[in-house]
Visitor: 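Below are the structure tokens for one structure; questions will follow.
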Amino acid sequence: MSVLIDAFGLIADIKVLVAILGGTFLGLVMGSLPGLTAAMAIALLIPLTFGMGPIMGIGMLLGAFCGAIAGGAIPAILLNIPGTPSSVCTTLDGFPMARKGEAGKALGVSISASFIGGVIGAVLLILLAPPIAAFALKFGPAEFFALGVFGLVIIASVSSGSMLRGLVAGLLGLALATVGADPITGAMRFTGGQPALISGIDLLPALIGLFAVSQVLKDVVDRTGADAADKAPQNFTSARPPWGLLARAWRVIASSTVIGVIVGAIPGAGGSISSFMSYDQARRMSKTPEKFGTGHPEGLIASESSNNATAGGALIPMLTLGVPGEVATAVLMGGLTIQGVRPGPALFDQQAEIVYGIFLAFILANLAMLLMQLLGIRLFVRILRVPPRMLMPLILMFCVIGVYGVNGSIFELWLMFAFGLLGFFLNRYGFGTAPVILGLILGSLTESNLRRGMVVFDGDWTQFLLRPISATLLGLAVLFLGFVLLQQRRDRRRDKENTA
């Protein structure tokens, strides 16, 4: 308790609060622009923290971290363009809600769920950091392979319409994940002699191309749909936190935040995997699973509460073990080191007041994110009133700046446009783009850990089934796939009965 009181003393400073607000604002802006990530927001702020105290500087960086993750939902809902990879799942129900004139409600649901997931993630971070970190340490090649397989099974569940088309799109993502150097031998595969493809297809041009450029092409080709979206009456009175709806969805919030924290604590997993896993779980728990993907608030709640809880989970291995869980936390860890805070097992003993100050700053960052988004929600919705002939060129300009600004690569711009054409035709013929991204993300994780596991286990594949965690995940994957097939059969039978 004395340590907690000391931490409150460190936080209760107007300069610290202003730093958190400033970092959160920048994070929201960066997260809402396609191509500008949480890692980029943190990296931009690190030079500003050189002259600050530890809590003030760390609070600003945490604000940028939380703001960027939450800000990615804004373009995902309004434009079907995820601002960050963890917002891909948000497009599944957020954008259909905006199309139906419920953009204000969708943003209200997203903002509130993000805040709740972030705060619960922070509380679980405070209470369960050591045991969750110990659990994450048990993950080796077999466990990561099983996690990848479990994630790939979700493709069958999140695919709208035909499960077969969703699986085909997922397999396309897996095939694209094999481009680049072999993870074990280093041999070049499918690079076509392009040095830019040696390290594989970068997620950023693929993500922006499949979602942003494809949406621009769709609205240009199908102006009727674009005009309809532009003229859809938006309900501004619903642009507020729907606390009643969130209270009724408490099971979804609880399961999604727990999944988000646990997956976030596993190095290399990240918000994309946790949001899809939470979405899949929410769909299974729902009495109306057929509504998911059509503009159902519960799908939005699952995605947003999970990816913001993942932020809290990602801090667990970073603080307790000194192992960053993703790129953003790796940059954040660099900022902590600059401030004289060295993450690791000794941190909780040697600098306990700093640790609890970080916890409190993380909660305040989520509160700042809630207030800023609520103040700007009506402004966000007005984006839909911008005529498509003006909005589409602006979106394309931000896409080009976002992709080129990271590596300065012209090749990645061409790659972005290629993925844009691919996404346009995938959407046109009902395959969807979310399974492709999920396959691309999980492909390298699954393949590399399968190959490493076979090397570690001297070719004995049965070890993947004998280790408790990997066996459990593989067993769940089989059960979930069977459940999806059974559900698909029931839906077909019900459709036949309705037509008869």
Side-chain angles (χ1 to χ4, degrees), residues 11-34 36-42 44-45 48-49 55-79 81-84 86-87 90 94 98 103-122 234 236-243 246 271 300-301 303-305 307-312 328 332 358 360-384 398:
I11 287 291
D13 186 332
I14 187 64
K15 294 181 180 179
V16 173
L17 299 178
V18 170
I20 293 174
L21 287 171
T24 305
F25 176 76
L26 178 66
L28 284 170
V29 172
M30 297 284 282
S32 62
L33 295 176
L36 305 182
T37 62
M40 209 179 276
I42 297 170
L44 283 174
L45 283 177
L48 298 180
T49 65
I55 292 297
M56 185 176 175
I58 294 168
M60 178 178 278
L61 299 180
L62 287 173
F65 186 35
C66 296
I69 293 174
I74 299 171
I77 292 170
L78 299 179
L79 304 170
I81 302 169
T84 59
S86 59
S87 300
T90 303
K105 180 180 179 180
L107 286 170
V109 169
S110 168
I111 293 167
S112 308
S114 298
F115 171 71
I116 294 173
V119 170
I120 295 177
Q234 297 294 338
F236 283 88
T237 60
S238 64
R240 61 181 184 272
W243 300 118
L246 293 167
L300 194 55
I301 291 170
S303 173
E304 283 303 301
S305 58
N307 61 31
N308 282 270
T310 302
L332 182 61
I358 291 173
L360 295 175
F362 187 63
I363 294 175
L364 287 176
N366 278 280
L367 181 60
M369 175 268 296
L370 173 69
L371 294 176
M372 286 186 178
Q373 285 194 302
L374 289 179
L375 290 173
I377 191 170
R378 291 177 180 268
L379 177 63
F380 301 151
V381 175
R382 294 184 187 276
I383 292 174
L384 295 179
F398 282 123

Visitor: Working to the nearest 0.5 Å, report the span between OG1 of T90 and CD1 of I301.
Guide: 12.0 Å
Visitor: Got I116 and S305 here, is their nearest side-chain heavy-atom distance under 4.5 Å?
Guide: no
Visitor: Taking only residues two or more places apart in sequence or in another chain, which ones pass side-chain hydrogen bond (donor to acceptor under 3.5 Å, both in side chains) with T24?
Guide: none
Visitor: Quick check for you: to the nearest 0.5 Å, what is the distance between N366 atom CG and I20 atom CD1?
Guide: 10.5 Å
Visitor: For L45 and G23, which heavy atoms make the closest approach, and how far apart are they?
Guide: CD1-CA, 3.8 Å
Visitor: What is the minimum heavy-atom distance between Q373 and A70, and which atoms define it?
Guide: NE2-O, 3.7 Å
Visitor: Could you report the tightest heavy-atom contact between F362 and G118, atom names first, then the distance?
Guide: CE2-O, 3.8 Å
Visitor: I'd like to check the side-chain contact (heavy atoms from CB on, under 4.5 Å) partners of L21; sequence neighbours left out, ordered by chain and number.
Guide: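 With sequence neighbours excluded, L21 shows a side-chain contact (heavy atoms from CB on, under 4.5 Å) to A368, M372, given in chain and number order.
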Visitor: Report the C-alpha distance between I74 and L79 in whole Å, list the side-chain angles of each, state the deciding distance to 0.1 Å, and finish with yes or no for side-chain contact (heavy atoms from CB on, under 4.5 Å).
Guide: CA-CA 8 Å; I74 299 171; L79 304 170; over 6 Å; no
Visitor: If you round to the nearest 0.5 Å, how far is CG of L364 from CG of L371?
Guide: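 Between atom CG of L371 and atom CG of L364 there are 10.5 Å.
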Visitor: Find the distance between CG (L61) and CE (M56) and round it off to the nearest 0.5 Å.
Guide: 11.5 Å
Visitor: To the nearest 0.5 angstrom, please state how far the CE atom of M30 sits from the CD1 atom of I69.
Guide: 13.5 Å
Visitor: Evaluate the side-chain contact (heavy atoms from CB on, under 4.5 Å) criterion for residues I58 and T49: first the C-alpha distance (whole Å), next the side-chain angles of each, then the deciding distance (0.1 Å), finally the verdict.
Guide: CA-CA 8 Å; I58 294 168; T49 65; over 6 Å; no
Visitor: Indicate the atoms forming the closest heavy-atom contact of A73 with S87, along with that distance.
Guide: N-OG, 3.5 Å
Visitor: Where is the tightest heavy-atom contact between S110 and S114, given as atom of each residue plus distance?
Guide: O-OG, 2.7 Å
Visitor: A side-chain contact here means heavy atoms from C-beta on lying under 4.5 Å apart; do L374 and I111 qualify?
Guide: yes
Visitor: Please give me the minimum heavy-atom distance between I363 and A122, naming the atom from each residue.
Guide: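 Shortest heavy-atom contact: CG1-CB, 3.6 Å.
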Visitor: Just so I know, are the side chains of E304 and V109 near enough to count as touching, which here means a heavy-atom distance under 4.5 Å?
Guide: no
Visitor: Please report the interatomic distance CD1(I120) to CZ(F115), rounded to the nearest 0.5 Å.
Guide: 9.5 Å
Visitor: Would a 4.5 Å heavy-atom cut-off, applied to side chains only, mark N308 and V119 as touching?
Guide: no
